[in-house]
Each structure stands twice: as C-alpha cells, then as structure tokens.
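For reference, the structure is listed below as structure tokens.
Here the structure is a predicted model, which means the values were calculated and not measured. Hydrogens, waters and symmetry mates are skipped; everything else that's a heavy atom, side chains included, is used. Below, chains carry the letters A, B, ... as their sequence lines are ordered, and counting in each starts from 1.
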Protein chains: 2
Amino acid sequence: MSRPTIAGVARAAGVSVASVSRVLNGLPATEEMIERVQRAVDELGYVPDARARSLKVGRTFQLTLAVADVGNPVYVTMMRAVEEVVSAAGYRLVVTTTGPDVVDEVALVRGMARGYADGLLISPIRVDEDLVKSIRECEVPVVVAGNVPAKAGVDTVRANSPKGMLLAVDHLVAKGRRRIAFLNGPADTVPGAARSKGFTEAMKAHGLDPIAVAEASDFTFAAGRAAAPAVLGGESRPDAVIAANDLLAVGLMHELAAAGLEVPGDVAVVGMDDSELAEQSFPPLTSVNLGSAERGRRAAELLLARIEDNQRTPRRIVVQPSLSIRRSTP
Amino acid sequence: MSRPTIAGVARAAGVSVASVSRVLNGLPATEEMIERVQRAVDELGYVPDARARSLKVGRTFQLTLAVADVGNPVYVTMMRAVEEVVSAAGYRLVVTTTGPDVVDEVALVRGMARGYADGLLISPIRVDEDLVKSIRECEVPVVVAGNVPAKAGVDTVRANSPKGMLLAVDHLVAKGRRRIAFLNGPADTVPGAARSKGFTEAMKAHGLDPIAVAEASDFTFAAGRAAAPAVLGGESRPDAVIAANDLLAVGLMHELAAAGLEVPGDVAVVGMDDSELAEQSFPPLTSVNLGSAERGRRAAELLLARIEDNQRTPRRIVVQPSLSIRRSTP
DNA sequence: ATCGTTCTTGTAATCGTTTACAAGCCCGAC
DNA sequence: GTCGGGCTTGTAAACGATTACAAGAACGAT
C-alpha cells in the first residue's frame, strides 16, 4: 500500500528503471516503450519522489523568499511579483518568515546550506556582520532585496529612499506645508536608518527644520499608534507627517482622528511603500512608491540568473521611487 | 570548493561515516570521538544535506500551508497561529499560494506526493470532487481549514459561519437596524456559499427580508468597491450592510464615503474574519471573529497528531465565532 | 588464561532517483 | 557474409545521508 517507486513501475511495465526514468524525462524512446511506461505509471498512480530526484540532480526547483513579517502589506506586493517571475521559470516559491531578529535571519541563511532550495531571496530588516558573512558563505545563491554593504559582493536590489523622501517633501512643500514631522520605524533597522537619513537630507534641501521626529518600536500599525503622541505632542503641531511605511501612517491617522484632527485638512499624511493598504486606508494614503513590485521582479530575475551562472559579477540594482498621490494630502 | 559531505568529515576526523552520523545525531559516543568529529565539522563548515537525510529517514520536517491569496489579511492571522504551533514542534513552515482556481489546489495536493513536506494544511476556497479525491488519496497527511464533506474522511477545522451571521444580525437588530443588506463574495466558493446560507437563516430568524444581496467577483478590496452599487443602488437604501469578509467591507466603506454616506450614522457596516484590517480600517470595523487564529492553531495540532499516527479517525472541529464590536456599527 | 558481556566503532546496505557506459539489435554497404 | 554505425535498452554506479549488523576492544568473573 506504500508509494510505488520507479522500480515498481519498471516491474509492472516489464522494462528497466532506466527506461522508465527516460520516458518520464522525455528522452527519446520508442512509441511502444512510452506507451507501456505510461500505462504502468497511470495504473500505479506513480509520482516521482522529489527528494531522491533532487539528491541526484542537485536541484530542488524550489526557491525561498524570506520576509520579516507577513503582516506587512509591502511584502505581499513583492511576493506577488516574485511569484510571477519564478513560477514562469518553472520554480516553486516557498515563503518563510524570519521575524525581526537578525539572529533568525542568520540561522535561515545558514540553514539554506541544507539544500532545501536552489536559491534564497531575502529582505533583511536588520543587517550585521554575521548576516553578511553568512550570505557570502552561503552554499546556495542569495539575493538581497534591501541594502547591504557593497563589499559583501552579493546581488542586491534596493530602493532609493532618499529620493523617495525628497518626492514626499517636495509634494508637501508644494502644497504649502512647512511644519513637517517624521514618524520613523526603529532606527537600528536598514530601512529605518535609510529613511531617517533621507528625511533629514530632503528637509535640508528645502531649508526646513523638522517639527518633530519620532521613532516607533516597530514597523507595525500598533507601533504607529503608540508613537503618535511623540509626533504630535510637541509645542507646535505639525501640518504634515511623513511615516516610514504605510502601517505606521495608518496607525498615526487613527490617532489623528481620535484627537479630532482632519486629514488632510489639519495634518497631511504621507506613507511609504505604496502597498495595498495605502489604497485601502481611509482617507486613501498618499504614499511613496518604492517600487516593491519591481524590486521583487528584478530580484527574482537576478536570482534566476545567478542560479544559471554562479560566477557572474554581483549586480547592485537601484529602483527609482515615484509618488502615488491620494487623498491624505491636499 | 564544493560542499563537504559526511564522508569528507569522516576522512578529516579519521573516523568512519557512521561515527560522524552518530555524533551528529547525539547517539552515545566517547568523549574523544565527539571531540574529533566536532572539530572536523567546525573546520570544514559541514552542514548535513537535508535532501539526503530525508530520503533516508522519510521525513523532511517541513510542513506546507497553502492559502488562496496572500493579500487576504485573514490568512496572516491564521499563518501566525500555525507557525507558532508547528515551529514549537520542530517543523519549518513554508507557505505557498494556490490562487482562486480549484485545479491549482488539486495540482498542489497531488504534488505533495513528491515528498516536499511531511504534511499539508490547506484552506481551499473552492472544493470539488477532484479536490476531495486528491486529498483522500494524498500520500502525506492533509488537514483542511474549511469545509469539506464529512464523507471525505479528512481532518477539518472549520468556522461556524451561520452562527457568526446570527451574531452580526442580532447586533444590528439590537441597534435598531432593519434594512439589512448582504455583500457576499463569489457564491460558488465554500465560504461564499456558507455565508450566504447563514445570512438567509439569520434574517429569517429575525423575521426580516434582506434589502439587497450582492455578489462580488472575488473576496478582494477591489471587488468590494465594484459591487457596492449593487448593494446600495436598490430603491430603498440599506441602513446596515454585512460583508462576507473584511476586504469587501472596507471596499464598500470607501464607496459609502464617496457617496457621502456616514458610517455608522447612515449605514452600519459589519465585516467578517476580524482580521488585522478590521482594526486598521477607518472607522474601525465591527467584524465577526470566525476564530482564524484558533482555527489555525487547532488545524496545526491536528496535522501534527496525524503525522504521529496516520490511523486515527478523522476529526471535524468547529470553532465558535464571536463578535468584535468597533465603530462601524452604532 | 579463558570466557562472556558490554560498549564502541566500522562495513556495507539502503532510501529512490538519474545517467554513464555497455550491450544488443537492426540495417545497409561493401 | 561480415562489418560498422546508429538506435534502443539494460546494468550498475552514483547522490549523501542513516542504520542494521558484525567485529573488535575492554573488562570483570571464573
């Protein structure tokens, strides 16, 4: 009653295992051979064992996408794009969650050496020496969606947060807002650091000083709510807030409503990531599109290319942002 | 420069492969043996190959969770719960997306026979004969989060939608609403059919006739928006709408706002699933909690139990709903 | 010293595939 | 009739682990 193996099929068809394997892999064979094998396969309901196959051929035809938090809608955008590319190339995509800790990311990368997948696409939220080292030493190709040092010598696709921040500030300034505040996520994360730097630069470019800068404990809705007072509670209220991602922005907007402030009338709000949530929130959220879909697509392509040829020199792609203007800004 | 194998480690340590394997698996060995193997392992950076291991021991220590749409926030709730249970049991969780078509689900279940994972947790959106058949015949344990016929003889954990609908209608009626409409998802899906039936029963229990019933083309935000006119455009406007899930409810609320209608003043809105989106939407959405987290947890437990003992008689668990009241209802 | 027991270690078979190589067959050309 | 070439098919050796079994070492009891 146990699973039929290729040997069973061979016996049933009265041929050798090699012939069965050849027929199944579409290698040349006579009509009669194909016929007999096919019949035996159907009859027994044989399905080849992927473990044995991949042990022999050294490939699993699986790719892993690792993200920090499945609850963050930016990852669904990315995931959709990645899925499309890799499935077109004949790979299955499996998604795993790392959580916010860098040690888990390192463990994941190290674990890839076990041969679960042919490649890893990781979007790390925190990066340290260990992670870079483990990526460089990893037995399977890795591409990073995010920012790691150039010396790491690894394919990366990253966003241009400073440029994105500039778009956001430009837009707010054009609409007459000057008292601009910034709601960041944890500054010890890669996106947190980049966005903080970008915000400071963009404000300087306009000769403005921030009204307030707050740091949420996480890139989540709840953290956005919790950090709202820090961004609003200063002596002079901001007339615009830029949040480091959409979840934070939406959390903030809830607190604005609770405080009786209108968006965008009293306070304009700009998010980042332009995820599905930006469209779904109310009012719909003006958001900096950091090209998540394109980043996913390009990253997937880099991964496939590196699987083809592991010797190619690492590429570092930067995708340009745009601004999706919706009703949370005037 | 290629990956070290157990044979390489054995050679480096000057012992046999069996001894290396034993040390690595914590079987009894002398201090000196452990020491030598450990040193060789560290030196070579050896990591056992999961494919080879699982080929031999017949287990991969991976579990697959298959969902229809990663963009649906109800799945993130479920995913979190499942992840917690299975990782505590020493399994890795991988997530794959099936899309809305039942043929893809069937292909997935069939594909499990290839041995990618030790078990499958699937939340099918459409169910047909083929799917039931493929689940029953599947080589690896499968548990279904959702509703399949009892005769399928498979472990299931499902929600009690009729009861949930009753909670929603009870609540609306208690708040004085009588002109209640229903915004369903596709009626040819399992949740669509169940929620439709539940709604009809609940209304009947209160002696009410629905003001309008509309069917969105999908359980998505966009479909909710598109179907809004059908639910609002009748001769008499509803004073309350129940949506078959949170995404539909939020889509509807956007159209209500566009039409200048207040929530809950003019129209109360109730969603279903009580996902993170219900909390994040504005106004926060009253939503029927169908116990996604608990369903995920229980389903994961059933799966683990069945992996332990494949002979146990299938269980069918129903988890009870509750109502999370927020500001979209009076 | 011999025997039996227990403990450690090594040899080799096995899991289910793929594939290099060899063998067999058929066929036409000389 | 023999030979060589091209196909088709089969045999057996991998892939990298685990593990049953056997052999050897150590040791205490007689």
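Here the shortest heavy-atom pairing between A:I122 and A:P124 reads O-CD, 3.3 Å.
For DNA chain D, no neighbouring residue in residues 109-119 of chain A is found when judged by any heavy atom under 4.0 Å.
Under the ring-ring contact (aromatic ring centres under 6.0 Å, His included) criterion, no residue pair touches residues 291-316 of chain B, with sequence neighbours excluded. Within the structure, ring-ring contact (aromatic ring centres under 6.0 Å, His included) contacts touching residues 12-58 of chain A (residues at least two apart or in different chains) do not occur. Within the structure, the side-chain hydrogen bond (donor to acceptor under 3.5 Å, both in side chains) test picks out the following pairs touching residues 122-138 of chain B (sequence neighbours left out): B:R126-B:D188. Here ring-ring contact (aromatic ring centres under 6.0 Å, His included) pairs that include residues 80-122 of chain B, with residues two or more places apart or in two chains, are B:F61-B:Y91. Within the structure, no pair that satisfies the ring-ring contact (aromatic ring centres under 6.0 Å, His included) test touches residues 4-33 of chain A, not counting sequence neighbours.
Atom P of nucleotide D:dG16 and atom CZ of B:R11 are separated by 12 Å, given to the nearest angstrom. For B:L44 and D:dA17, the CG to P distance is 12 Å, given to the nearest whole Å.
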Base versus backbone protein contacts along nucleotides 14-23 of chain C [heavy-atom cut-off under 4.0 Å; B, S, -]: BBBBBB----
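Remark: B:T30 is in phosphate contact with C:dT9, judged by side-chain N or O atoms under 4.0 Å from OP1 or OP2.
With sequence neighbours left out, A:T5 forms a side-chain contact (heavy atoms from CB on, under 4.5 Å) with A:A7. Listed by chain and number, the residues in a salt bridge (charged side-chain N to carboxylate O under 4.0 Å, His left out) with B:D118 amount to none (sequence neighbours excluded). In terms of the side-chain contact (heavy atoms from CB on, under 4.5 Å) criterion, residue partners of A:V148 (sequence neighbours excluded) are, by chain and number, A:V127, A:V144, A:A152, A:V154, A:T156.
Direction of the helix axis in the helix from C:dA1-D:dT30 to C:dC30-D:dG1 shifts by 70° between the two five-pair termini, rounded to 10°.
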Tabulate below the donor-acceptor pairs under 3.5 Å that side-chain atoms of residues 104-115 of chain A make, not counting sequence neighbours, or state none.
| residue | atom | partner | partner atom | Å |
| --- | --- | --- | --- | --- |
| A:E105 | OE2 | A:I125 | N | 3.1 |

